[in-house]
2 protein chains.
Amino acid sequence: MPEPLRIVMADDNYLVREGARRLLEDSGEVVVQAAVGSAPELLDAVRRMRPEAVLTDIRMPPGAVPEGLPTYDSAAGPVNGAAQADRTGRAMEGIDAAHAIKAGHPEIGVVILSQYVDESYAFELFRDGTAGLAYLLKDRIGDLNRLLDALREVSRGGSVIDPQVVEALVTRRVRLRESPLAPLTARELDVLREMAQGRGNAGIAAELSLSESSVEKHVNAIFAKLGLTAEPLVHRRVTAVPTFLREAGLSG
Amino acid sequence: MPEPLRIVMADDNYLVREGARRLLEDSGEVVVQAAVGSAPELLDAVRRMRPEAVLTDIRMPPGAVPEGLPTYDSAAGPVNGAAQADRTGRAMEGIDAAHAIKAGHPEIGVVILSQYVDESYAFELFRDGTAGLAYLLKDRIGDLNRLLDALREVSRGGSVIDPQVVEALVTRRVRLRESPLAPLTARELDVLREMAQGRGNAGIAAELSLSESSVEKHVNAIFAKLGLTAEPLVHRRVTAVPTFLREAGLSG
DNA sequence: GTGTTTAACCGGGTGAACCCTCAGAGTGGG
DNA sequence: CCCACTCTGAGGGTTCACCCGGTTAAACAC
């Protein structure tokens, strides 16, 4: 049996953090040097402990965990967080922490755990390369070995990506290429964006410093490219807007 | 120290299920008779074990967990789930299971764990009363005692609701009353719904078996009640639609 | 029985949104 | 240099969406 792997782990959810820590330690294959609840605490623990690998949730609060909630530090025992900080809603603090860790300690592997497949997050995680990085889905970890294997793999510079995440990355590229917005020119997108905000042609003209007839020209082209042919009972302007909002959400 | 509480727990997430089970058992205050990964398995385990309390995630798949993923049954040891079943996307299987358990065994308490505050789920959980039921948020469980206290409370017929959930229930009622859609008559809502689907006045007239001038009359009243006064650069029809979609999502 | 509200519908008028044709300028590729 | 595309703009015409005032009928509350 190889020597246990030294890791630091982070999850702001108490049950996940303490439960996973217990499972990993009881396996005998991992030493959990710290189990923390926020991104700053994670970076601090990595600095102090120099683990071989890090296991973190993708959704990490940027501030400390709420006051009174304990985390675990093998050198100092349970510690209390600082004053409560509000969530920013950004779900990438785990990824930001991974990049920061990699920048400061390239030899430390990082395993990111995510509740959902989100190809934009995976894309962001791997933008500087995949070495020493893993992206796993919480609901598809069927036993502890899968997690232990990932930790070991990243600690020696390898990479592990859940197949569903790979598939999502591939389909994202295809959907962007096949988006109904793809044939629109930049100016047409400008006009459609203003249209989606409820502006009439005069309002769009004012906003983009164009004449109304130019706006009309663009609007007609937009309808044609989105395949919105004139139909007697349809209000095309209204139907163009959700198309734009849906596709804009995809790419922006 | 009182006698340990006998519980059955359910969560389709392996890390949460096995980690929480380990934490609870190590506390010495709980005996986990079964730890399962799906709603049917939960109901089956409750039938066989007759626990004093149940701890379940709100988001439970209706089918068995994927093949090969182990769950734990203290009488039978690790068991494998049946053939893989797709997720339905409904997040209330945990609540449906709670209702089923309460119907069959009123003396068994149920603790529901949820990742998010969702007042419609809480409303649904408590629609037949709150006795023997708890609704807790995973991210606000700071230590094991909070969970143990809830399990004990529901096992003796009490009720525990996270204050954030109570607040969400209260603000839901207020928001429904203050919705901009509240002053609209039923017929106006019909017209607005068709409008939101991109129909012109002629299309709405055809769909609702009305004349166009009746539709025009309703449309004008809708704009007035939504406070959408005529402004030179604004296309009111386009701005009415997201208002409707947002508010309809709230109450639907 | 009376009054109010909702729902339906019409006619007339105005303004905005399409829709087509024509035209000029700038940019980039072959 | 030529061609295609994008962007801009105008004029003329048609259609649709508002907007107002008026009417009738049904349902409900007082």
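Throughout, a chain's letter reflects where its sequence line sits, starting with A, and its residues are numbered from 1. Just so we're clear, the structure is a prediction, and the values are computed from it rather than from any experiment.
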**Message:** Looking only at the side chain of Ser213(A) (C-beta and beyond, no hydrogens), which of the listed nucleotides dA10(D), dA17(C), dT8(D) gets closest?
**Reply:** dA10(D)
**Request:** State whether His218(B) places a side-chain N or O below 4.0 Å from either non-bridging phosphate oxygen (OP1 or OP2) of dA8(C).
**Result:** yes
**Asked** Which of these nucleotides, dA8(C), dT8(D), dA17(D), is closest to any side-chain atom of Glu212(B)?
**Response** dA17(D)
**Message:** Taking the nucleotide of DNA chain C with the nearest heavy atom to each, does Leu208(B) or Arg237(A) sit closer to the 5' end?
**Reply:** Leu208(B)
**Asked** Which of these nucleotides, dC10(C), dT21(C), dC20(D), is closest to any side-chain atom of Asn220(B)?
**Response** dC20(D)
**Prompt:** Starting at the 5' end of DNA chain C and moving along, which residue's nearest nucleotide shows up first, Phe223(A) or Ser209(B)?
**Reply:** Ser209(B)
**Item:** 5' precedence on DNA chain D between Pro232(A) and Lys225(A) (nearest-nucleotide basis)
**Value:** Lys225(A)
**Message:** Using the side-chain heavy atoms of Asn201(A), tell me which of these nucleotides is nearest: dA17(C), dG9(D), dA8(C).
**Reply:** dA17(C)
**Prompt:** Should Val16(B) and Asp57(B) be marked as a side chain to side chain contact (heavy atoms under 4.5 Å, CB included) after you check the CA-CA gap, both sets of side-chain angles, and the distance that decides it?
**Reply:** CA-CA 10 Å; Val16(B) 173; Asp57(B) 187 78; over 6 Å; no
**side-chain contact (heavy atoms from CB on, under 4.5 Å), paired with Leu125(A), selected from Asp96(A), Val165(A), Ile112(A), Thr130(A)** = Ile112(A)
**Message:** As a test of reading the structure: which of dC18(D), dA7(C), dT8(D) is closest to the side chain of Glu216(B), going by heavy atoms?
**Reply:** dC18(D)
**Message:** Just checking Tyr116(B): does its OH atom have more than 12 heavy atoms from other residues, nucleotides or ligands closer to it than 6.0 angstrom?
**Reply:** yes
**Asked** Quick one: which of dC18(C), dC10(C), dA17(D) gets closest to the side chain of Ser211(B)?
**Response** dC10(C)
**Asked** For Asp162(A), which residues count as a side-chain hydrogen bond (donor to acceptor under 3.5 Å, both in side chains) partner, sequence neighbours excluded?
**Response** Arg140(A), Arg146(A)
**Complete:** Quick note, Ser214(A) side chain, CB onward, closest among dG9(D), dA17(C), dC9(C) is dG9(D)
**Prompt:** Which part of the nucleic acid, if any, lies within reach of Thr185(A) when heavy atoms closer than 4.0 Å are counted: base, sugar-phosphate only, or nothing?
**Reply:** sugar-phosphate
**Pair of N/O donor and acceptor under 3.5 Å linking dG22(D) base with Lys217(B) side chain** = yes
